[in-house]
Protein chains: 2
Amino acid sequence: MNGFVRIGEKPEIARLPLFREMDDAKRERVFAGSFLQVFPPQLTLFEVGQHADFLHVLVDGLVELSATSGGRDTTMRIVEPVTSFILAAVVNDLPYLMTARTLEASRILLVPAALIREVIRQDTALMQATMRELALAYRDLVRALADMKLRQSAERLGNYLLQQAAQDDAGRTIQLRAEKRLLASLLGMTPENLSRAFSALAAHGVRVEGSSISIVDSDALRAFARPDPIPV
Amino acid sequence: MNGFVRIGEKPEIARLPLFREMDDAKRERVFAGSFLQVFPPQLTLFEVGQHADFLHVLVDGLVELSATSGGRDTTMRIVEPVTSFILAAVVNDLPYLMTARTLEASRILLVPAALIREVIRQDTALMQATMRELALAYRDLVRALADMKLRQSAERLGNYLLQQAAQDDAGRTIQLRAEKRLLASLLGMTPENLSRAFSALAAHGVRVEGSSISIVDSDALRAFARPDPIPV
DNA sequence: TCAGATATTTGATAAATGTCAACTGAGATG
DNA sequence: CATCTCAGTTGACATTTATCAAATATCTGA
């Protein structure tokens with residue numbers, strides 16, 4: 001299951017903001033030099049400190065990115081398909097700051113770092129897309145850090161739910177794709193605390209049934225969580 | 001005090017990683033379309049949500065960038081000269097996510113956002129430098145967020161001191177350029193808590209005299225703060 | 001230099017979060 | 001179908017951090 005990209009995968013990858021605008025021939029070259037690989041669940045793809053050999057594009061499955069500080073580690077991002085990840089390390093040819101682990105069986109496009117750096121230098125549209133992608137990622141982190149510094153746990157959870165509901169356009173019901181312990185780590189709290197945060201949100205329009213969360217009163221939740229007014 | 005860049009300022013700005021590699025004529029064009037302005041202390045340069053009209057380069061003085069979440073706000077960065085700031089908002093033509101305020105009287109080069117975006121499109125070296133800058137900024141934030149999630153306050157302070165000592169190459173003594181309340185906000189704690197964190201670090205090789213902090217036993221401090229092993 | 005304003009520190013207390021242990025329930029396995 | 005395992009929840013308690021108040025230090029400007 002290891003080899004060049006097959007035809008079937010290309011369109012959805014080519015449609016990514018990162019690759020969308022670039023020259024077709026160059027894109028072809030990138031794909032030809034990359035390989036799509038299948039990984040089992042719970043496999044570590046790379047670890048903090050390792051040299052960044054590949055830009056990753058998750059085509060199918062689920063991946064966790066975690067970072068370490070003072071010995072312990074924390075979930076930084078849960079990557080859903082189709083998304084590229086670990087772009088910043090690749091661009092600057094620096095060691096990974098995060099560890100990546102599959103949560104489910106996943107298909108991942110591995111783009112050799114040297115290749116993508118070379119094509120970035122040659123293709124202005126790709127470079128510009130990379131720049132945009134990094135700037136957006138930066139802004140996401142600014143928000144995440146401000147949230148972490150200023151909001152308490154139930155509020156962070158409330159905002160996470162509102163955000164998920166908005167972007168999955170699932171309307172009012174959110175299906176958690178990962179375990180709750182992971183969500184807890186992503187939101188910077190313990191599983192016990194997450195559990196209590198969910199209880200607290202019951203009074204603010206949130207109903208929980210296993211991994212299915214419904215926002216039954218989104219005004220009430222908004223009033224409690226005070227989401228950031230500036231759109232992404 | 002408002003006008004085109006005078007000769008005296010150019011060299012140090014041109015030496016910035018962001019502008020260093022670009023075509024000389026293009027750089028000249030950027031400078032010609034920008035203006036250097038002097039601001040008094042405690043002046044708000046722009047606020048969250050405003051449209052990003054200028055890339056800023058702090059030439060002299062001190063600037064605070066703060067972000068807002070749930071009504072309150074927190075210091076995200078203390079900008080020292082000579083550094084550009086607010087690049088991500090300018091690149092993507094999006095509203096500022098942060099508020100900027102001078103802490104001291106400051107001279108700032110204001111580069112019109114439309115101009116820098118245009119020149120970025122034309123000059124590959126500048127685009128690449130922008131991309132690199134954003135990727136590095138992203139990585140800084142990854143670290144900051146992991147720290148915030150995983151370390152407690154005295155540990156965060158310890159690491160901040162180690163990092164400052166390393167980069168200012170001031171050796172063992174750090175001069176705080178801003179008020180301690182600001183440092184507290186930057187590190188995500190209250191001023192009271194910062195004060196106690198300093199007391200706690202007394203037992204780990206740190207001596208405080210007003211705004212002058214000495215690391216008298218850097219091994220002890222390192223043992224306590226367990227700094228991240230991966231270099232910046 | 002002194003008075004007033006402001007920053008910082010210290011103490012007492014409250015709130016939020018983490019830790020540990022026990023319990024519950026759902027899914028997996030034989 | 002029983003039971004085994006483990007994620008999730010709940011309760012009791014410890015720790016960390018915030019809050020409020022007061023005391024002290026530092027800075028500013030007349």
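Order of the sequence lines sets the chain letters (A, B, ...), proteins ahead of strands, with each chain counted from 1. These numbers come from the heavy atoms of this one structure, side chains and all, not from hydrogens, waters or symmetry mates.
Atom CD in B/E209 sits roughly 16 Å away from atom C1' in C/dT9 (whole-Å rounding). Distance A/M148 CE to D/dT16 P: 16 Å, rounded to the nearest Å. Straight-line distance from the CG atom of B/L187 to the P atom of D/dA18: 11 Å, rounded to whole Å. Atom CG of A/L176 and atom C1' of D/dA7 are 13 Å apart (whole Å). A/R151 places its CZ atom 13 Å from the P atom of C/dT17, with the value rounded to the nearest Å. Put simply, CG on B/N193 is 15 Å from P on C/dG11, counting in whole angstrom units. Between the C1' atom of D/dA7 and the CG atom of A/L183 lies a distance of 14 Å, rounded to the nearest Å. For A/K149 and D/dA18, the NZ to P distance is 11 Å, given to the nearest whole Å.
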- prompt: Yes or no on side-chain contact (heavy atoms from CB on, under 4.5 Å) for B/L43 and B/R101, after CA distance, side-chain angles and deciding distance?
  reply: CA-CA 5 Å; B/L43 185 86; B/R101 198 177 113 244; over 6 Å; no
query: How far apart are the C-alpha atoms of B/S218 and B/R172, what are their side-chain angles, what is the distance that settles it, and do they pass the side-chain contact (heavy atoms from CB on, under 4.5 Å) test?
result: CA-CA 8 Å; B/S218 87; B/R172 321 231 146 288; 4.3 Å; yes
- request: Kindly indicate, with the supporting measurements, whether the criterion side-chain contact (heavy atoms from CB on, under 4.5 Å) is fulfilled by A/L110 and A/L36.
  value: CA-CA 6 Å; A/L110 298 171; A/L36 189 71; over 6 Å; no
query: Under the salt bridge (Lys or Arg N to Asp or Glu O under 4.0 Å) criterion, do B/R177 and B/E104 qualify, and how do the steps go?
result: CA-CA 10 Å; B/R177 292 212 44 183; B/E104 304 174 353; 3.2 Å; yes
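A donor-acceptor pair under 3.5 Å is formed between the side chain of A/T190 and the backbone N or O of A/N193.
A 4.5 Å side-chain heavy-atom check between B/L62 and B/V79 finds every atom pair outside the cut-off. Residues B/L145 and B/K149 form a side-chain contact, since some pair of their non-hydrogen atoms from C-beta on lies under 4.5 Å apart.
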Protein-nucleotides 11-15 of chain D N/O pairs closer than 3.5 Å?
residue, atom, partner, partner atom, Å
D/dG11, N7, A/R196, NH2, 2.4
D/dG11, O6, A/R196, NH2, 3.3

Can you pull every protein N or O that's under 3.5 Å from an N or O on nucleotides 28-30 of chain D?
none

Give me the distances for all protein-to-nucleotides 3-8 of chain C N/O pairs that come in under 3.5 Å?
residue, atom, partner, partner atom, Å
C/dT8, OP1, B/K180, N, 2.8
C/dT8, OP2, B/R181, N, 3.1

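Side-chain contact annotation: A/R207 with A/S214, donor-acceptor N/O pair under 3.5 Å absent.
Of the side-chain N and O atoms in B/T190, one or more sit less than 4.0 angstrom from OP1 or OP2 of D/dA18. Under 4.0 angstrom from either OP1 or OP2 of C/dT19 there lies at least one side-chain N or O belonging to A/R72. Taking 4.0 angstrom as the limit, B/S153 places none of its side-chain polar atoms (N or O) nearer than this to OP1 or OP2 of D/dT16.
Residue pairs satisfying the ring pair (Phe, Tyr, Trp, His ring centres under 6.0 Å) criterion with at least one member in residues 53-75 of chain A, sequence neighbours excluded, are listed as follows: A/F35-A/F54, A/F46-A/H56, A/H56-A/F85.
A/R222 contributes atom CZ, which lies 12.0 Å from atom CG of A/L161 (distance to the nearest 0.5 angstrom). Distance check, rounded to the nearest 0.5 Å: CE of A/M76 to OG of A/S66 gives 9.5 Å. In this structure, CG on A/L194 lies 10.5 Å from CG on A/L186, to the nearest 0.5 angstrom.
Axis angle across the helix from C/dT1-D/dA30 to C/dG30-D/dC1, with five pairs used at each end and values rounded to 10°: 40°.
Every residue meeting the side-chain hydrogen bond (donor to acceptor under 3.5 Å, both in side chains) condition with A/D53, not counting sequence neighbours, appears here in chain and number order: A/H51.
Across all non-hydrogen atoms, the minimal contact from B/M148 to B/G188 is CE-O, 3.7 Å.
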